[in-house]
**Q** 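What follows is a single structure, and I will ask about it in a moment.
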Amino acid sequence: MTSFQLTPVEKGIMRCRHIGPFTSEDVRTLADFFYDYNGRLLIDLSGTTGEECSKYMARFRPMMPTAAIFGAKIDPAILDISDSYYTRDVRYFDSEEEALDWLRNQ
Amino acid sequence: MSTEQAIDTFVQETGGWIASQLEACTRCGMCAEACHFFQATGNPEYAPVWKMELLRRAYEQRFTLIGRFRTAVGLEKRIDDDDLLHWSSIVYHACTVCNRCALVCPMGIQIGDLIHDVRSGLAEAGVVPADLEKAVQMQIDEGSPLGVTDEVFEDRLDWVMDDWDIDIPIDVEGADTLVVFSSIEIMKFPANLAAIAKIMEAAGENWTVSTQAREIVNFGYYEGSEEHTKLFLKRVLDGAKALGVKRIVVTECGHAYAALRWTAANLMDVPQDLEIDHITGLLGEYVENGRIHIRPGAFDQNGTVTFHDACKIQRLGGHIAEPRQILKILAPNNFKELTPNSEQAICCGGGGGVIAIKDADDLRFAAFGLKVKQINDIGADTVAMSCSNCRLQFLDGKEHYNQDWNVLGLAQMVADAMEEE
(Lines give C-alpha, C1' and ligand atoms only; values in the text may rest on other atoms or scores of the structure.)
Protein backbone atom coordinates (compact mmCIF):
# COMPACT_ATOMS: atom_id res chain seq x y z
CA MET A 1 0.00 0.00 0.00
CA THR A 2 1.31 3.42 -0.84
CA SER A 3 1.61 6.17 1.74
CA PHE A 4 -0.74 8.48 -0.15
CA GLN A 5 -3.95 8.30 -2.13
CA LEU A 6 -4.92 10.59 -4.99
CA THR A 7 -8.60 11.14 -5.66
CA PRO A 8 -10.46 13.81 -7.63
CA VAL A 9 -12.39 16.40 -5.60
CA GLU A 10 -13.85 18.42 -8.45
CA LYS A 11 -12.70 19.78 -11.80
CA GLY A 12 -9.15 21.07 -11.42
CA ILE A 13 -8.70 19.93 -7.80
CA MET A 14 -7.26 16.63 -6.58
CA ARG A 15 -7.05 15.39 -3.01
CA CYS A 16 -3.73 13.92 -1.91
CA ARG A 17 -4.34 12.02 1.33
CA HIS A 18 -1.24 11.12 3.26
CA ILE A 19 -1.84 7.94 5.22
CA GLY A 20 1.47 6.60 6.42
CA PRO A 21 5.25 6.52 6.24
CA PHE A 22 6.82 7.25 2.87
CA THR A 23 8.90 4.64 1.12
CA SER A 24 11.49 5.73 -1.44
CA GLU A 25 9.23 4.44 -4.18
CA ASP A 26 6.37 6.61 -2.85
CA VAL A 27 8.66 9.63 -2.86
CA ARG A 28 9.63 9.08 -6.49
CA THR A 29 6.03 8.46 -7.51
CA LEU A 30 4.85 11.62 -5.78
CA ALA A 31 7.69 13.60 -7.36
CA ASP A 32 6.56 12.35 -10.79
CA PHE A 33 2.98 13.30 -9.97
CA PHE A 34 3.94 16.84 -8.92
CA TYR A 35 5.99 17.16 -12.11
CA ASP A 36 3.09 16.25 -14.39
CA TYR A 37 0.08 17.59 -12.52
CA ASN A 38 -1.47 20.79 -13.87
CA GLY A 39 -4.25 21.41 -11.35
CA ARG A 40 -4.58 22.45 -7.71
CA LEU A 41 -4.08 20.13 -4.76
CA LEU A 42 -5.92 19.58 -1.50
CA ILE A 43 -3.38 17.96 0.81
CA ASP A 44 -5.17 15.97 3.50
CA LEU A 45 -2.96 14.97 6.43
CA SER A 46 -5.78 13.54 8.54
CA GLY A 47 -4.45 10.00 8.14
CA THR A 48 -1.03 10.82 9.54
CA THR A 49 0.83 13.00 12.03
CA GLY A 50 2.55 16.32 11.52
CA GLU A 51 5.90 14.86 12.53
CA GLU A 52 5.61 12.06 9.98
CA CYS A 53 5.11 14.31 6.99
CA SER A 54 7.02 17.48 7.91
CA LYS A 55 10.39 16.43 6.52
CA TYR A 56 8.91 15.39 3.17
CA MET A 57 6.60 18.38 3.03
CA ALA A 58 9.62 20.69 3.19
CA ARG A 59 11.45 18.73 0.51
CA PHE A 60 8.48 18.59 -1.83
CA ARG A 61 7.57 22.23 -1.24
CA PRO A 62 9.49 23.70 -4.26
CA MET A 63 7.82 21.18 -6.58
CA MET A 64 4.27 21.52 -5.29
CA PRO A 65 1.43 22.89 -7.38
CA THR A 66 -0.91 25.44 -5.82
CA ALA A 67 -1.98 23.59 -2.68
CA ALA A 68 -4.01 23.90 0.52
CA ILE A 69 -2.99 21.71 3.47
CA PHE A 70 -5.11 20.62 6.43
CA GLY A 71 -5.67 17.68 8.74
CA ALA A 72 -2.60 17.56 10.98
CA LYS A 73 -0.65 20.20 12.85
CA ILE A 74 2.49 21.16 10.99
CA ASP A 75 4.87 24.01 11.58
CA PRO A 76 3.89 26.51 8.87
CA ALA A 77 7.57 27.53 8.70
CA ILE A 78 8.29 24.35 6.72
CA LEU A 79 6.27 25.84 3.89
CA ASP A 80 8.39 29.01 3.80
CA ILE A 81 10.36 29.29 0.62
CA SER A 82 12.04 32.15 -1.19
CA ASP A 83 9.35 33.60 -3.41
CA SER A 84 10.36 32.90 -6.98
CA TYR A 85 8.94 32.52 -10.47
CA TYR A 86 8.92 28.72 -10.27
CA THR A 87 7.08 28.40 -6.96
CA ARG A 88 3.34 28.15 -6.39
CA ASP A 89 1.30 29.30 -3.43
CA VAL A 90 0.98 26.63 -0.71
CA ARG A 91 -0.93 27.38 2.52
CA TYR A 92 -1.93 25.65 5.73
CA PHE A 93 -5.56 25.73 7.01
CA ASP A 94 -7.23 24.53 10.18
CA SER A 95 -10.11 22.84 8.40
CA GLU A 96 -10.93 21.12 5.12
CA GLU A 97 -13.70 23.63 4.44
CA GLU A 98 -11.36 26.62 4.69
CA ALA A 99 -8.74 24.86 2.61
CA LEU A 100 -11.17 24.02 -0.16
CA ASP A 101 -12.68 27.51 -0.14
CA TRP A 102 -9.27 29.06 -0.65
CA LEU A 103 -8.30 26.53 -3.30
CA ARG A 104 -11.45 27.16 -5.31
CA ASN A 105 -10.52 30.84 -5.52
CA GLN A 106 -7.02 30.23 -6.85
CA MET B 1 18.21 55.81 -12.94
CA SER B 2 21.09 57.33 -14.83
CA THR B 3 20.58 57.92 -18.52
CA GLU B 4 24.15 59.17 -18.84
CA GLN B 5 25.49 55.89 -17.43
CA ALA B 6 23.46 53.96 -19.97
CA ILE B 7 24.71 56.13 -22.82
CA ASP B 8 28.29 55.89 -21.55
CA THR B 9 27.97 52.10 -21.51
CA PHE B 10 26.55 52.08 -25.03
CA VAL B 11 29.40 54.32 -26.15
CA GLN B 12 32.05 52.21 -24.38
CA GLU B 13 30.62 49.10 -26.01
CA THR B 14 30.60 50.79 -29.39
CA GLY B 15 33.95 49.87 -30.81
CA GLY B 16 34.64 49.25 -34.46
CA TRP B 17 32.83 45.92 -34.43
CA ILE B 18 29.53 47.33 -33.17
CA ALA B 19 29.80 50.36 -35.44
CA SER B 20 30.22 48.05 -38.42
CA GLN B 21 27.23 45.97 -37.32
CA LEU B 22 25.01 49.02 -36.91
CA GLU B 23 26.13 50.53 -40.21
CA ALA B 24 25.49 47.25 -42.01
CA CYS B 25 21.80 47.09 -41.17
CA THR B 26 19.64 47.77 -44.24
CA ARG B 27 16.33 47.76 -42.29
CA CYS B 28 15.13 44.89 -44.48
CA GLY B 29 12.93 43.50 -41.70
CA MET B 30 13.88 39.85 -42.13
CA CYS B 31 14.84 39.69 -38.45
CA ALA B 32 11.27 40.61 -37.53
CA GLU B 33 9.91 37.53 -39.27
CA ALA B 34 12.43 35.38 -37.37
CA CYS B 35 11.42 36.68 -33.94
CA HIS B 36 8.87 34.61 -32.02
CA PHE B 37 7.68 37.65 -30.06
CA PHE B 38 7.04 39.62 -33.24
CA GLN B 39 5.43 36.63 -34.93
CA ALA B 40 3.17 35.98 -31.95
CA THR B 41 2.04 39.58 -31.39
CA GLY B 42 2.66 41.50 -34.62
CA ASN B 43 3.98 44.38 -32.50
CA PRO B 44 6.60 46.22 -34.62
CA GLU B 45 8.45 47.28 -31.48
CA TYR B 46 9.38 43.62 -30.98
CA ALA B 47 11.26 43.49 -34.28
CA PRO B 48 14.90 42.78 -33.35
CA VAL B 49 16.10 45.76 -35.38
CA TRP B 50 14.02 48.02 -33.15
CA LYS B 51 15.27 46.35 -29.97
CA MET B 52 18.78 47.60 -30.74
CA GLU B 53 17.56 51.09 -31.65
CA LEU B 54 18.89 52.68 -28.42
CA LEU B 55 22.38 51.45 -29.23
CA ARG B 56 22.07 52.83 -32.78
CA ARG B 57 20.87 56.20 -31.51
CA ALA B 58 23.67 56.45 -28.96
CA TYR B 59 26.19 55.56 -31.65
CA GLU B 60 24.83 57.98 -34.23
CA GLN B 61 24.34 60.86 -31.81
CA ARG B 62 27.86 60.49 -30.44
CA PHE B 63 29.93 59.30 -33.38
CA THR B 64 28.40 60.35 -36.70
CA LEU B 65 28.25 63.85 -38.19
CA ILE B 66 24.71 63.41 -39.41
CA GLY B 67 23.63 62.10 -36.01
CA ARG B 68 25.22 65.03 -34.18
CA PHE B 69 23.64 67.48 -36.58
CA ARG B 70 20.19 65.96 -36.35
CA THR B 71 20.35 65.96 -32.55
CA ALA B 72 21.69 69.52 -32.42
CA VAL B 73 18.86 70.91 -34.56
CA GLY B 74 16.23 68.86 -32.77
CA LEU B 75 15.46 66.45 -35.60
CA GLU B 76 16.39 63.54 -33.36
CA LYS B 77 15.54 63.26 -29.69
CA ARG B 78 18.33 62.70 -27.17
CA ILE B 79 17.99 59.45 -25.23
CA ASP B 80 16.21 60.15 -21.95
CA ASP B 81 14.86 58.30 -18.89
CA ASP B 82 11.56 57.51 -20.60
CA ASP B 83 13.43 55.83 -23.44
CA LEU B 84 15.34 53.64 -21.00
CA LEU B 85 12.16 52.55 -19.23
CA HIS B 86 10.43 51.88 -22.51
CA TRP B 87 13.28 49.82 -23.96
CA SER B 88 13.64 47.95 -20.68
CA SER B 89 10.18 46.51 -21.23
CA ILE B 90 11.11 45.61 -24.81
CA VAL B 91 14.53 44.00 -24.43
CA TYR B 92 13.87 42.15 -21.17
CA HIS B 93 10.19 41.22 -21.64
CA ALA B 94 10.08 40.50 -25.36
CA CYS B 95 13.50 39.06 -26.13
CA THR B 96 15.02 35.77 -25.07
CA VAL B 97 18.33 36.63 -26.79
CA CYS B 98 17.82 33.41 -28.74
CA ASN B 99 19.65 34.97 -31.72
CA ARG B 100 17.43 33.37 -34.36
CA CYS B 101 17.27 36.87 -35.86
CA ALA B 102 21.01 36.79 -36.52
CA LEU B 103 20.66 33.52 -38.37
CA VAL B 104 18.38 35.06 -40.99
CA CYS B 105 20.07 38.46 -41.22
CA PRO B 106 21.43 38.78 -44.77
CA MET B 107 24.16 41.10 -43.50
CA GLY B 108 25.24 38.64 -40.81
CA ILE B 109 24.63 41.11 -37.99
CA GLN B 110 24.91 39.49 -34.56
CA ILE B 111 21.67 41.03 -33.35
CA GLY B 112 21.49 38.97 -30.15
CA ASP B 113 24.87 40.30 -29.03
CA LEU B 114 23.77 43.85 -29.74
CA ILE B 115 20.57 43.39 -27.75
CA HIS B 116 22.70 42.01 -24.93
CA ASP B 117 24.67 45.28 -25.12
CA VAL B 118 21.43 47.24 -24.83
CA ARG B 119 20.67 45.20 -21.70
CA SER B 120 24.16 46.06 -20.39
CA GLY B 121 23.45 49.77 -20.71
CA LEU B 122 20.08 49.41 -19.02
CA ALA B 123 21.65 47.35 -16.21
CA GLU B 124 24.25 50.08 -15.66
CA ALA B 125 21.44 52.63 -15.51
CA GLY B 126 19.49 50.50 -13.02
CA VAL B 127 16.50 49.89 -15.28
CA VAL B 128 16.29 46.11 -14.96
CA PRO B 129 12.78 44.66 -14.32
CA ALA B 130 12.21 44.26 -10.58
CA ASP B 131 11.72 40.46 -10.67
CA LEU B 132 14.98 39.95 -12.52
CA GLU B 133 16.80 42.36 -10.24
CA LYS B 134 15.47 40.49 -7.21
CA ALA B 135 16.80 37.19 -8.54
CA VAL B 136 20.19 38.80 -9.25
CA GLN B 137 20.28 40.17 -5.69
CA MET B 138 19.43 36.74 -4.28
CA GLN B 139 22.26 35.22 -6.29
CA ILE B 140 24.64 37.85 -4.90
CA ASP B 141 23.44 37.48 -1.29
CA GLU B 142 22.67 33.76 -1.01
CA GLY B 143 24.63 32.34 -3.90
CA SER B 144 21.46 31.35 -5.72
CA PRO B 145 18.61 33.14 -7.50
CA LEU B 146 16.23 30.36 -6.48
CA GLY B 147 17.16 29.82 -2.86
CA VAL B 148 19.75 27.04 -3.21
CA THR B 149 21.70 27.96 -0.09
CA ASP B 150 24.46 25.73 1.35
CA GLU B 151 21.93 24.00 3.63
CA VAL B 152 19.33 23.58 0.90
CA PHE B 153 21.92 22.13 -1.51
CA GLU B 154 23.12 19.65 1.08
CA ASP B 155 19.59 18.62 2.01
CA ARG B 156 18.50 18.10 -1.60
CA LEU B 157 21.55 16.01 -2.41
CA ASP B 158 20.88 13.90 0.70
CA TRP B 159 17.27 13.50 -0.40
CA VAL B 160 18.16 12.40 -3.91
CA MET B 161 20.81 9.98 -2.64
CA ASP B 162 18.40 8.46 -0.09
CA ASP B 163 15.20 8.19 -2.09
CA TRP B 164 16.55 7.71 -5.60
CA ASP B 165 19.14 5.33 -4.17
CA ILE B 166 22.10 6.81 -6.00
CA ASP B 167 25.53 8.04 -4.98
CA ILE B 168 26.52 11.65 -5.67
CA PRO B 169 30.22 12.30 -5.00
CA ILE B 170 30.65 15.66 -3.24
CA ASP B 171 33.82 17.81 -3.24
CA VAL B 172 36.10 15.04 -4.49
CA GLU B 173 39.54 16.55 -5.01
CA GLY B 174 41.26 15.30 -8.13
CA ALA B 175 38.05 14.16 -9.83
CA ASP B 176 38.20 14.50 -13.61
CA THR B 177 34.77 16.02 -14.11
CA LEU B 178 32.85 18.61 -12.13
CA VAL B 179 29.11 18.43 -12.80
CA VAL B 180 27.28 21.68 -12.09
CA PHE B 181 23.49 21.60 -12.02
CA SER B 182 21.09 24.48 -12.60
CA SER B 183 19.13 25.77 -9.63
CA ILE B 184 15.85 24.79 -11.28
CA GLU B 185 16.99 21.15 -11.47
CA ILE B 186 18.05 21.23 -7.83
CA MET B 187 14.78 22.73 -6.61
CA LYS B 188 12.16 21.54 -9.06
CA PHE B 189 13.53 18.51 -10.93
CA PRO B 190 15.41 16.39 -8.36
CA ALA B 191 14.86 13.31 -10.53
CA ASN B 192 17.18 14.95 -13.06
CA LEU B 193 19.99 15.00 -10.50
CA ALA B 194 19.43 11.30 -9.90
CA ALA B 195 19.32 10.59 -13.64
CA ILE B 196 22.61 12.35 -14.32
CA ALA B 197 24.26 10.68 -11.31
CA LYS B 198 23.09 7.30 -12.61
CA ILE B 199 24.51 8.02 -16.07
CA MET B 200 27.86 9.25 -14.72
CA GLU B 201 28.18 6.18 -12.53
CA ALA B 202 27.29 3.79 -15.35
CA ALA B 203 29.80 5.51 -17.65
CA GLY B 204 32.50 4.97 -15.04
CA GLU B 205 33.17 8.70 -14.88
CA ASN B 206 35.47 10.02 -12.15
CA TRP B 207 33.18 12.89 -11.23
CA THR B 208 32.05 15.15 -8.43
CA VAL B 209 29.73 17.99 -7.55
CA SER B 210 31.04 20.97 -5.61
CA THR B 211 29.54 22.77 -2.64
CA GLN B 212 31.43 25.89 -3.73
CA ALA B 213 30.36 25.67 -7.38
CA ARG B 214 26.98 24.28 -6.52
CA GLU B 215 24.93 25.79 -9.33
CA ILE B 216 25.50 27.12 -12.77
CA VAL B 217 22.67 29.60 -13.42
CA ASN B 218 23.86 33.15 -14.12
CA PHE B 219 21.26 35.85 -13.64
CA GLY B 220 23.94 38.49 -14.18
CA TYR B 221 24.16 37.25 -17.77
CA TYR B 222 20.38 37.58 -18.20
CA GLU B 223 20.52 41.07 -16.73
CA GLY B 224 23.43 42.09 -18.96
CA SER B 225 25.69 43.16 -16.10
CA GLU B 226 29.31 42.32 -16.79
CA GLU B 227 30.20 42.72 -13.11
CA HIS B 228 27.55 40.28 -11.91
CA THR B 229 28.14 37.84 -14.76
CA LYS B 230 31.81 37.66 -13.76
CA LEU B 231 30.99 37.31 -10.08
CA PHE B 232 28.77 34.28 -10.69
CA LEU B 233 31.15 32.71 -13.21
CA LYS B 234 34.02 33.14 -10.76
CA ARG B 235 32.22 31.06 -8.14
CA VAL B 236 32.00 28.15 -10.56
CA LEU B 237 35.54 28.50 -11.87
CA ASP B 238 36.95 28.86 -8.34
CA GLY B 239 35.10 25.70 -7.31
CA ALA B 240 36.56 23.85 -10.28
CA LYS B 241 40.04 25.16 -9.50
CA ALA B 242 39.79 24.16 -5.82
CA LEU B 243 39.01 20.56 -6.78
CA GLY B 244 41.53 20.44 -9.60
CA VAL B 245 39.09 19.03 -12.15
CA LYS B 246 39.90 18.75 -15.84
CA ARG B 247 36.48 19.67 -17.12
CA ILE B 248 33.17 21.20 -16.12
CA VAL B 249 29.96 19.63 -17.38
CA VAL B 250 27.01 21.99 -17.40
CA THR B 251 23.76 20.11 -17.02
CA GLU B 252 20.42 21.14 -18.47
CA CYS B 253 20.78 24.92 -18.62
CA GLY B 254 21.30 26.82 -21.87
CA HIS B 255 22.21 30.38 -20.94
CA ALA B 256 24.54 29.19 -18.17
CA TYR B 257 26.32 27.02 -20.72
CA ALA B 258 26.75 29.98 -23.09
CA ALA B 259 28.00 32.19 -20.27
CA LEU B 260 30.58 29.67 -19.07
CA ARG B 261 31.57 28.25 -22.45
CA TRP B 262 31.97 31.47 -24.47
CA THR B 263 31.40 34.62 -22.44
CA ALA B 264 33.70 33.72 -19.54
CA ALA B 265 36.78 33.62 -21.76
CA ASN B 266 36.06 37.18 -22.92
CA LEU B 267 35.61 38.53 -19.39
CA MET B 268 38.16 36.80 -17.22
CA ASP B 269 40.97 34.28 -17.00
CA VAL B 270 39.70 30.80 -17.69
CA PRO B 271 42.34 28.07 -17.34
CA GLN B 272 43.17 27.04 -20.90
CA ASP B 273 43.30 23.35 -20.07
CA LEU B 274 39.85 23.39 -18.47
CA GLU B 275 37.32 21.80 -20.80
CA ILE B 276 33.71 23.02 -20.68
CA ASP B 277 31.03 20.67 -21.99
CA HIS B 278 27.29 20.37 -21.98
CA ILE B 279 25.59 17.22 -20.76
CA THR B 280 23.96 16.78 -24.20
CA GLY B 281 27.38 16.36 -25.82
CA LEU B 282 28.46 14.00 -23.08
CA LEU B 283 25.36 11.82 -23.49
CA GLY B 284 26.01 11.54 -27.22
CA GLU B 285 29.64 10.65 -26.57
CA TYR B 286 28.76 8.00 -23.95
CA VAL B 287 26.19 6.34 -26.23
CA GLU B 288 28.44 6.46 -29.29
CA ASN B 289 31.46 5.07 -27.45
CA GLY B 290 29.44 2.37 -25.73
CA ARG B 291 30.14 3.71 -22.25
CA ILE B 292 26.43 3.46 -21.58
CA HIS B 293 23.86 1.28 -23.32
CA ILE B 294 20.31 2.40 -23.90
CA ARG B 295 17.47 0.07 -24.78
CA PRO B 296 16.42 0.47 -28.44
CA GLY B 297 12.74 1.34 -28.68
CA ALA B 298 12.42 2.15 -24.97
CA PHE B 299 10.19 5.14 -25.80
CA ASP B 300 8.46 3.76 -28.87
CA GLN B 301 5.34 3.21 -26.76
CA ASN B 302 5.11 6.93 -25.92
CA GLY B 303 3.41 7.91 -29.19
CA THR B 304 5.15 10.43 -31.41
CA VAL B 305 8.32 11.72 -29.83
CA THR B 306 9.90 15.00 -30.88
CA PHE B 307 12.77 17.23 -29.77
CA HIS B 308 12.76 20.92 -28.89
CA ASP B 309 16.07 22.62 -29.75
CA ALA B 310 17.25 25.12 -27.14
CA CYS B 311 18.79 28.34 -28.46
CA LYS B 312 22.04 28.20 -26.50
CA ILE B 313 22.60 24.44 -26.50
CA GLN B 314 21.61 23.51 -30.02
CA ARG B 315 21.71 26.71 -32.15
CA LEU B 316 24.75 28.26 -30.45
CA GLY B 317 26.33 25.16 -28.91
CA GLY B 318 25.89 22.95 -31.95
CA HIS B 319 24.61 19.94 -29.99
CA ILE B 320 22.10 19.14 -32.68
CA ALA B 321 23.12 15.64 -33.78
CA GLU B 322 23.50 14.01 -30.35
CA PRO B 323 19.90 14.26 -29.11
CA ARG B 324 18.64 12.99 -32.46
CA GLN B 325 21.09 10.12 -32.44
CA ILE B 326 19.79 9.18 -28.96
CA LEU B 327 16.09 9.67 -29.73
CA LYS B 328 16.35 7.61 -32.90
CA ILE B 329 17.56 4.75 -30.71
CA LEU B 330 14.92 5.33 -28.02
CA ALA B 331 12.01 5.81 -30.43
CA PRO B 332 13.16 4.47 -33.81
CA ASN B 333 9.64 4.22 -35.19
CA ASN B 334 8.11 7.29 -33.63
CA PHE B 335 10.67 10.10 -33.66
CA LYS B 336 9.48 13.07 -35.71
CA GLU B 337 11.02 16.52 -36.21
CA LEU B 338 9.25 19.78 -35.49
CA THR B 339 9.17 22.29 -38.35
CA PRO B 340 11.37 24.30 -38.24
CA ASN B 341 14.01 22.54 -36.18
CA SER B 342 17.74 22.37 -35.40
CA GLU B 343 19.49 25.76 -36.01
CA GLN B 344 16.21 27.24 -37.28
CA ALA B 345 14.15 26.14 -34.28
CA ILE B 346 11.78 28.59 -32.61
CA CYS B 347 12.64 29.49 -29.02
CA CYS B 348 10.27 28.38 -26.25
CA GLY B 349 9.74 32.00 -25.19
CA GLY B 350 10.98 31.60 -21.63
CA GLY B 351 14.74 31.99 -22.03
CA GLY B 352 16.96 35.00 -21.44
CA GLY B 353 15.36 35.62 -18.05
CA VAL B 354 11.88 36.25 -19.51
CA ILE B 355 10.36 33.39 -17.49
CA ALA B 356 11.45 35.15 -14.27
CA ILE B 357 9.55 38.37 -15.08
CA LYS B 358 5.93 38.13 -13.96
CA ASP B 359 4.90 41.15 -16.07
CA ALA B 360 6.13 39.32 -19.17
CA ASP B 361 3.89 36.27 -18.64
CA ASP B 362 1.39 37.23 -21.34
CA LEU B 363 4.18 37.69 -23.84
CA ARG B 364 5.98 34.44 -23.04
CA PHE B 365 2.73 32.51 -23.32
CA ALA B 366 1.93 34.25 -26.61
CA ALA B 367 5.35 33.21 -27.94
CA PHE B 368 4.81 29.68 -26.63
CA GLY B 369 1.65 29.53 -28.73
CA LEU B 370 3.91 29.07 -31.78
CA LYS B 371 5.46 26.06 -30.07
CA VAL B 372 2.03 24.61 -29.30
CA LYS B 373 1.13 24.83 -32.97
CA GLN B 374 4.41 23.24 -34.07
CA ILE B 375 3.92 20.33 -31.68
CA ASN B 376 0.30 19.76 -32.52
CA ASP B 377 0.99 20.02 -36.26
CA ILE B 378 3.00 16.79 -36.05
CA GLY B 379 0.74 15.21 -33.44
CA ALA B 380 3.55 14.80 -30.92
CA ASP B 381 2.78 13.08 -27.63
CA THR B 382 6.20 13.50 -26.03
CA VAL B 383 8.50 16.49 -26.29
CA ALA B 384 12.10 15.96 -25.22
CA MET B 385 14.59 18.73 -24.50
CA SER B 386 17.94 19.32 -22.83
CA CYS B 387 17.36 22.65 -21.08
CA SER B 388 15.58 22.89 -17.73
CA ASN B 389 14.55 26.48 -18.31
CA CYS B 390 12.83 25.40 -21.55
CA ARG B 391 11.33 22.50 -19.60
CA LEU B 392 9.82 24.84 -17.01
CA GLN B 393 8.41 27.01 -19.79
CA PHE B 394 6.95 23.92 -21.48
CA LEU B 395 5.33 22.74 -18.24
CA ASP B 396 3.84 26.20 -17.61
CA GLY B 397 2.87 26.52 -21.26
CA LYS B 398 1.18 23.16 -21.54
CA GLU B 399 -0.88 24.05 -18.46
CA HIS B 400 -1.70 27.49 -19.91
CA TYR B 401 -2.83 25.97 -23.24
CA ASN B 402 -4.39 22.89 -21.63
CA GLN B 403 -2.25 20.43 -23.57
CA ASP B 404 -1.46 16.92 -22.46
CA TRP B 405 1.89 16.03 -24.06
CA ASN B 406 4.66 14.59 -21.92
CA VAL B 407 7.53 16.99 -21.36
CA LEU B 408 10.76 15.11 -20.71
CA GLY B 409 14.40 15.92 -20.11
CA LEU B 410 16.83 14.08 -22.38
CA ALA B 411 19.08 12.94 -19.53
CA GLN B 412 16.11 11.47 -17.68
CA MET B 413 15.01 9.59 -20.79
CA VAL B 414 18.51 8.19 -21.20
CA ALA B 415 18.72 7.17 -17.53
CA ASP B 416 15.30 5.50 -17.69
CA ALA B 417 16.32 3.55 -20.79
CA MET B 418 19.73 2.46 -19.57
CA GLU B 419 20.37 -1.24 -19.68
CA GLU B 420 21.97 -2.79 -16.63
CA GLU B 421 25.43 -4.18 -17.38
Side-chain angles (χ1 to χ4, degrees), chain A residues 2-4 6 8 10-14 16 18 20-41 51-67 74-90 103 106, chain B residues 131-132 134-135 138 141-142 144-149 152 155-156 158-166 182-194 350 353-358 360-361 364 388-389 391-393 395-409 412 416:
Chain A
T2 61
S3 58
F4 61 92
L6 294 164
E10 60 190 48
K11 192 174 188 302
I13 300 180
M14 292 275 280
C16 178
H18 186 194
F22 276 113
T23 64
S24 292
E25 195 182 346
D26 294 335
V27 167
R28 295 194 300 267
T29 306
L30 200 52
D32 286 347
F33 170 73
F34 285 155
Y35 176 79
D36 272 330
Y37 181 56
N38 282 343
R40 290 154 286 162
L41 204 60
E51 295 76 39
E52 167 56 36
C53 56
S54 289
K55 182 172 126 188
Y56 287 100
M57 196 73 76
R59 284 175 164 175
F60 277 124
R61 172 65 185 92
M63 308 161 66
M64 282 184 186
T66 304
I74 57 165
D75 176 3
I78 65 168
L79 302 176
D80 288 348
I81 190 168
S82 305
D83 185 33
S84 181
Y85 59 92
Y86 76 98
T87 59
R88 301 290 176 96
D89 204 356
V90 177
L103 213 48
Q106 300 308 301
Chain B
D131 290 339
L132 204 54
K134 185 181 149 200
M138 272 179 74
D141 297 342
E142 296 180 5
S144 168
L146 268 64
V148 185
T149 59
V152 169
D155 182 63
R156 292 195 89 70
D158 280 349
W159 185 34
V160 170
M161 287 194 274
D162 286 349
D163 283 324
W164 276 262
D165 193 22
I166 190 83
S182 69
S183 35
I184 202 73
E185 288 168 287
I186 297 167
M187 297 304 273
K188 189 101 175 165
F189 307 140
N192 222 49
L193 275 58
V354 174
I355 200 168
I357 304 167
K358 186 79 190 146
D361 274 359
R364 77 176 166 101
S388 290
N389 197 61
R391 186 139 58 123
L392 192 61
Q393 166 77 342
L395 291 170
D396 281 358
K398 86 167 193 172
E399 181 180 354
H400 182 83
Y401 284 98
N402 200 21
Q403 300 294 312
D404 58 1
W405 344 288
N406 297 310
V407 175
L408 298 178
Q412 261 181 269
D416 288 349

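FYI, side chains are in, hydrogens and waters are out, and symmetry mates aren't considered; it's all heavy atoms of this structure. Lettering follows sequence order; numbering is per chain, from 1. Only a predicted model underlies this, so the values are computations on that prediction, with no experimental measurement involved.
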**Q** What is the minimum heavy-atom distance between B:P145 and A:S84, and which atoms define it?
**A**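 Result for this residue pair: O-OG, 4.4 Å.
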**Q** If I take atom CG from residue B:L408 and atom CG from residue A:D36, how far apart are they, to the nearest 0.5 angstrom?
**A**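 B:L408 atom CG to A:D36 atom CG measures 8.0 Å (nearest 0.5 Å).
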**Q** Closer than 4.0 angstrom, basic N to acidic O: yes or no for A:K55 and B:D158?
**A**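 Not counted as a salt bridge, because no side-chain N and carboxylate O are separated by less than 4.0 Å.
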**Q** Please classify the contact of B:Q393 with chain A as side chain, backbone, both or neither, using a heavy-atom distance under 4.5 Å.
**A**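 Contact with chain A: none, neither part.
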**Q** For A:R40, is there an ion pair with B:E399 - N to carboxylate O distance below 4.0 angstrom?
**A**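 So B:E399 does not pair with A:R40 through a salt bridge.
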**Q** If you measure from the Lys or Arg side-chain nitrogens to the Asp or Glu carboxylate oxygens, is any gap between B:D155 and A:R59 under 4.0 Å?
**A**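 Here B:D155 pairs with A:R59 in a salt bridge, since their nearest N and O are under 4.0 Å apart.
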**Q** Please report the shortest heavy-atom distance between A:S24 and B:D163, naming the atom on each side.
**A**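 Nearest pair, atom of A:S24 first, then B:D163: OG-OD1, 2.8 Å.
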**Q** Return the minimal non-hydrogen interatomic distance between A:P62 and B:M187, and the atom names on each side.
**A**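 Here A:P62 and B:M187 meet closest at CB-O, 3.3 Å.
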**Q** Go through the atoms of B:I184 and report whether side chain, backbone, both or neither lie under 4.5 Å from a heavy atom of chain A.
**A**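 When you check distances to chain A, only side chain atoms of B:I184 fall under 4.5 Å.
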**Q** Side chain, backbone, both or neither: which part of A:Y56 has a non-hydrogen atom closer than 4.5 Å to chain B?
**A**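 A:Y56 touches chain B through side-chain heavy atoms alone.
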**Q** Between chain A and each of B:E142, B:R156, B:K358, count heavy-atom pairs under 4.5 Å; write down the option with the most.
**A**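 Most heavy-atom pairs within the cutoff with chain A belong to B:R156.
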**Q** Given A:Y86, which of B:N389, B:I355, B:L392, B:D396 fulfils the side chain to side chain contact (heavy atoms under 4.5 Å, CB included) condition?
**A**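 Of the listed options, the one satisfying the test is B:L392.
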**Q** Identify the two heavy atoms, one from A:D83 and one from B:K134, that lie closest to each other, and give their separation to 0.1 Å.
**A**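 The pair with the smallest heavy-atom distance is O-NZ, 3.2 Å.
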**Q** Closest heavy-atom contact between B:G147 and A:S82?
**A**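 Closest heavy-atom pair between B:G147 and A:S82: CA-OG, 4.0 Å.
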**Q** Distance-only, no hydrogens or angles: does the B:K188 side chain make a donor-acceptor pair with backbone N or O of A:Y35 under 3.5 Å?
**A**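 No; zero donor-acceptor contacts below 3.5 Å.
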**Q** State, to 0.1 Å, how close A:N38 and B:L395 come at their nearest heavy-atom pair, and which atoms those are.
**A**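 Scanning both residues, the minimum pair turns out to be OD1-O, 4.4 Å.
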**Q** So what's closer than 4.5 Å to chain A heavy atoms on B:V407: side chain, backbone, both or neither?
**A**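 Both parts, backbone and side chain.
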**Q** For B:L146, is there any backbone N or O sitting under 3.5 Å from a side-chain donor or acceptor partner on A:Y85?
**A**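 Answer holds: no.
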